[in-house]
S.K.: 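Would you mind keeping the following structure in view while I ask a few things?
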Amino acid sequence: MPTVIAPDVLVNASISMGTPPQRAVDALLGCGDKSQVVVSEWVLERTAAMLSALPEFKVDALGQHLDRIRELVTIVAPDGNIPGPDAWQKALVDAAKSGKAERVLTDHPDLLEVTGAEGVEFISTDAWLIERSMP
């Protein structure tokens, strides 16, 4: 089932302690079929903005890092207006609808309180990892 990956998850994977960013992203996104991991340009833009604001992430590596993410995901283009940078729920639901995904992987505390939005489920990385480990 296709899953939208939210910017916070990409950022967390990118700055994993003791792990070079590319290896962290490969571990998160390179774990399966590219068509099963969906992002939009909004997700990539938010990820870039968040990473460039972090002192532990080398800004000169940002372009190459985002290029690697692009190689590992399916990028969808939602119809309609592009939501603002703070409109996470709308942007992620739009990406899910465009990518025919039923869920969004996020650890954003406000979004994890959402039980469902327009038929899209928000799931934490902990729940996702547990689910993946089940036979």
S.K.: Can you see which heavy atom on Val104 is nearest to which on Ala96, and at what distance?
M.R.: CG2-CB, 4.5 Å
S.K.: Trp42 and Ala91: which non-hydrogen atoms are nearest, and at how many Å?
M.R.: CD2-CB, 3.3 Å
S.K.: Nearest 0.5 Å, what's the CG-OG distance between Asp60 and Ser52?
M.R.: 12.5 Å
S.K.: How far apart are the closest heavy atoms of Val38 and Gly99, and which atoms are they?
M.R.: CG1-CA, 4.1 Å
S.K.: If you draw a 6.0 Å radius around CG in Asp67, do more than 12 non-hydrogen atoms from other residues or ligands fall strictly inside?
M.R.: yes
S.K.: At their closest point, which heavy atom of Leu92 faces which heavy atom of Ala6, and how far apart are they?
M.R.: CD1-CB, 3.9 Å
S.K.: By salt bridge (charged side-chain N to carboxylate O under 4.0 Å, His left out), which residues pair with Arg46, not counting sequence neighbours?
M.R.: none
S.K.: What closest approach, in Å, do Val120 and Ala101 show between heavy atoms, and which atom pair accounts for it?
M.R.: CG2-O, 4.4 Å
S.K.: Return the set of residues passing side chain to side chain contact (heavy atoms under 4.5 Å, CB included) with Glu41 (not counting sequence neighbours), or none when no residue passes.
M.R.: Leu44, Glu45, Arg70, Ile75
S.K.: If you count the non-hydrogen atoms of other residues, nucleotides and ligands that lie under 6.0 Å from CG in Asp110, is the total more than 12?
M.R.: yes
S.K.: Between CD of Glu71 and CZ of Arg68, what distance do you get to the nearest 0.5 Å?
M.R.: 5.0 Å
S.K.: Mind jotting down which residue pairs meet the ring-ring contact (aromatic ring centres under 6.0 Å, His included) criterion with at least one end in residues 98-127? Sequence neighbours excluded, please.
M.R.: Trp88-His108
S.K.: Which pairs count as salt bridge (Lys or Arg N to Asp or Glu O under 4.0 Å) when at least one residue sits in residues 82-97, sequence neighbours excluded?
M.R.: Lys90-Asp94, Lys97-Glu118
S.K.: For the backbone of Ala95 and the side chain of Ser98, can you confirm whether one donor and one acceptor N or O come within less than 3.5 Å of each other?
M.R.: no
S.K.: Kindly give the heavy-atom pair with the smallest separation between Ile5 and Val43, and that separation in Å.
M.R.: O-CG1, 3.3 Å
S.K.: Please test Val4 against Val37 for side chain to side chain contact (heavy atoms under 4.5 Å, CB included), starting from the C-alpha separation and ending with a verdict.
M.R.: CA-CA 6 Å; Val4 173; Val37 182; over 6 Å; no
S.K.: If you group Ile, Leu, Val, Met, Phe, Trp and Tyr by side-chain heavy-atom gaps below 4.5 Å, do Leu112 and Ile123 land in one group?
M.R.: no
S.K.: Check whether the side chains of Thr125 and Asp107 place a donor and an acceptor atom closer than 3.5 Å, and report yes or no.
M.R.: yes
S.K.: Does atom CG of Leu62 have more than 12 heavy-atom neighbours from other groups under 6.0 Å away?
M.R.: yes
S.K.: With Lys100, which residues qualify under side chain to side chain contact (heavy atoms under 4.5 Å, CB included), at least two apart?
M.R.: none
S.K.: Quick one: list whatever passes side-chain hydrogen bond (donor to acceptor under 3.5 Å, both in side chains) with Thr106, sequence neighbours left out.
M.R.: Asp8
S.K.: Nearest 0.5 Å, please: how far is NE2 in His65 from CG in Leu10?
M.R.: 7.5 Å
